[in-house]
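Working notes, structure below.
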Amino acid sequence: MALINIKTKEVQIKIVYYGPGRGGKTTNLEYINQAYRDQIKTEMVSLKTHDDRTLFFDFLPFDVGPIKGFDVTIQLYTVPGQVKYNATRKLVLRGVDGIVFVADVQKEQRIKNIESLNQLYENLDSYSLDLFEVPLVMQYNKVDLKKAKIPVLSTETMQADLNGQLKAPAFEASALSGGNVIPTLKEIISVTLASVQNQLFKEVF
Ligand SMILES: Nc1nc2c(ncn2[C@@H]2O[C@H](COP(=O)(O)OP(=O)(O)O)[C@@H](O)[C@H]2O)c(=O)[nH]1
Ligand SMILES: [Mg+2]
């Protein structure tokens, strides 16, 4: 649920990049950080382990300007992927308004993607949130690996595995070179804002 301050006319929206470890969540935020230098007033915060993996989260705030007289700030978070960090993943999901699920198209990651999505469902459920109701965008990342002759899953298979029932908007991506990072971001912002505007309308008017 977005943080809405009616007095100061500010809305704070939380978007979480979720998915299996090493799928490319941090890489998405790093690219966004580069691409939107102007709109980003605060440095990206990354808390990493010694082997450069996300320990708690990466955090990146940016302004999208006023919407219906409200100043909107979007906060982007990632979660740590390692299996042992589920308590942290759950905590990062607290108060989430929109989710990008970053899946890894490598064949060897197939089960990990599905497990991560199942866990997302359960973690949301612990906050009485329904994955089928929360604004969601799918990203099938690392499609560039196909050219490197690394076995990857087809988009049809990714869709069948992860999105057959959810039917969320989905993007193939190559986050390392920025491919479809911004379209993914724009889509999640768009669907999340639509949902937050409904809340605003209900609460304020
Ligand atoms: N080939 C390729 N590698 C990627 C891509 N996106 C991320 N990676 C690499 O995958 C590894 C894990 O990425 P990271 O963003 O840390 O994953 P996270 O655990 O989900 O945050 C890093 O070595 C990235 O450089 C991509 O689109 N293509
Ligand atoms: Mg990370």
Side-chain angles (χ1 to χ4, degrees), residues 14-36 40 42-62 74-94 96 98-121 123-124 136-155 157-159 161-163 168-188:
K14 181 176 189 178
I15 291 173
V16 175
Y17 282 65
Y18 197 102
R22 314 290 294 164
K25 300 177 292 296
T26 299
T27 307
N28 266 270
L29 258 59
E30 282 170 346
Y31 186 85
I32 294 163
N33 193 26
Q34 296 286 329
Y36 288 111
I40 298 168
T42 323
E43 286 297 299
M44 175 164 158
V45 178
S46 284
L47 299 164
K48 292 184 172 179
T49 59
H50 63 280
D51 59 355
D52 232 30
R53 304 182 70 178
T54 307
L55 183 56
F56 295 111
F57 52 74
D58 307 296
F59 170 67
L60 184 64
F62 72 96
I74 310 239
Q75 308 194 313
L76 303 180
Y77 285 83
T78 71
V79 294
Q82 295 93 308
V83 174
K84 62 183 171 185
Y85 291 139
N86 192 45
T88 310
R89 273 194 293 283
K90 212 187 250 185
L91 212 62
V92 176
L93 283 174
R94 201 168 162 164
V96 68
I99 295 169
V100 175
F101 187 82
V102 181
D104 190 326
V105 299
Q106 290 180 83
K107 244 178 198 151
E108 59 172 39
Q109 296 301 316
R110 187 173 187 181
I111 302 298
K112 287 224 177 87
N113 290 329
I114 296 168
E115 283 174 352
S116 177
L117 187 66
N118 285 337
Q119 196 185 54
L120 171 62
Y121 179 88
N123 283 341
L124 287 173
L136 173 71
V137 171
M138 289 284 174
Q139 186 186 73
Y140 306 140
N141 190 36
K142 308 195 186 181
V143 292
D144 57 284
L145 289 176
K146 196 175 176 183
K147 284 201 201 96
K149 300 268 186 275
I150 291 171
V152 298
L153 298 163
S154 68
T155 298
T157 303
M158 297 298 287
Q159 285 279 73
D161 277 1
L162 306 170
N163 205 16
F171 294 85
E172 295 178 341
S174 190
L176 198 53
S177 58
N180 264 350
V181 167
I182 303 303
T184 305
L185 175 67
K186 287 191 170 161
E187 183 67 20
I188 191 59

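Both counts, for ligands and for their atoms, begin at 1 and track the order of listing.
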Can you give me every donor-acceptor pair (side chain of residues 137-145, partner residue at least two apart or in another chain, under 3.5 Å) with its distance?
from, atom 1, to, atom 2, distance (Å)
Gln139, OE1, Asn28, ND2, 2.8
Gln139, NE2, Asn28, OD1, 3.1
Gln139, NE2, Thr184, OG1, 3.1
Tyr140, OH, Gln159, OE1, 2.6
Asn141, OD1, Ala175, N, 2.9
Asn141, ND2, Gly23, O, 2.8
Lys142, NZ, Arg22, O, 2.6
Lys142, NZ, Asp104, OD2, 3.1
Asp144, OD1, Ser174, OG, 2.6

Could you list the residues that satisfy ring pair (Phe, Tyr, Trp, His ring centres under 6.0 Å) with Tyr77, not counting sequence neighbours?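 With neighbours one apart ignored, the set is Phe57, Phe59.
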Locate the shortest heavy-atom distance separating Val79 from Lys25; write the atom from each residue and the value.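 Residues Val79 and Lys25, closest heavy atoms: O-CE, 3.2 Å.
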If you round to the nearest 0.5 Å, how far is CG of Leu162 from CG of Leu136?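 Output value for this atom pair is 10.0 Å.
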Rounded to the nearest 0.5 Å, what separates atom CG in Leu120 from atom CZ in Phe101?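 The distance works out to 6.5 Å.
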Please examine the side chains of Tyr121 and Ser116, heavy atoms only from C-beta on, and report whether any two atoms are closer than 4.5 Å.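 Answer no - side chains too far apart.
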What I'd like to find out is whether the side chain of Val152 reaches to under 4.5 Å of the side chain of Lys107, using heavy atoms alone.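 Counting from C-beta outward, Val152 and Lys107 never come under 4.5 Å.
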When you check the side-chain N and O atoms of Tyr17 and Asp58, is any donor under 3.5 Å from an acceptor?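 Side-chain D/A pair, Tyr17 to Asp58: absent.
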Can a side-chain donor-acceptor contact be found between Gln119 and Asn86 if the only test is distance below 3.5 angstrom?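 The answer is yes; a qualifying pair exists.
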Tabulate distances under 3.5 Å between N/O atoms of ligand 1 and N/O atoms of the protein, writing both atom names on each line.
from, atom 1, to, atom 2, distance (Å)
ligand 1, 1 (N), Asp144, OD2, 2.8
ligand 1, 6 (N), Asn141, ND2, 3.2
ligand 1, 10 (O), Lys142, NZ, 3.2
ligand 1, 15 (O), Thr26, N, 3.3
ligand 1, 15 (O), Thr27, N, 2.8
ligand 1, 15 (O), Thr27, OG1, 2.5
ligand 1, 17 (O), Gly24, N, 3.1
ligand 1, 19 (O), Arg22, N, 2.8
ligand 1, 20 (O), Gly23, N, 3.2
ligand 1, 20 (O), Gly24, N, 2.9
ligand 1, 20 (O), Lys25, N, 2.8
ligand 1, 20 (O), Lys25, NZ, 2.7
ligand 1, 21 (O), Thr26, N, 2.9
ligand 1, 21 (O), Thr26, OG1, 2.8
ligand 1, 27 (O), Asn141, OD1, 3.1
ligand 1, 27 (O), Asp144, OD1, 3.3
ligand 1, 27 (O), Ala175, N, 2.9
ligand 1, 27 (O), Leu176, N, 3.3
ligand 1, 28 (N), Asp144, OD1, 2.7
ligand 1, 28 (N), Asp144, OD2, 3.3

If waters are left out, how many protein N/O/S atoms lie within less than 2.8 Å of the Mg ion (ligand 2)?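 Counting protein N, O and S atoms closer than 2.8 Å to the Mg ion (ligand 2) gives 2.
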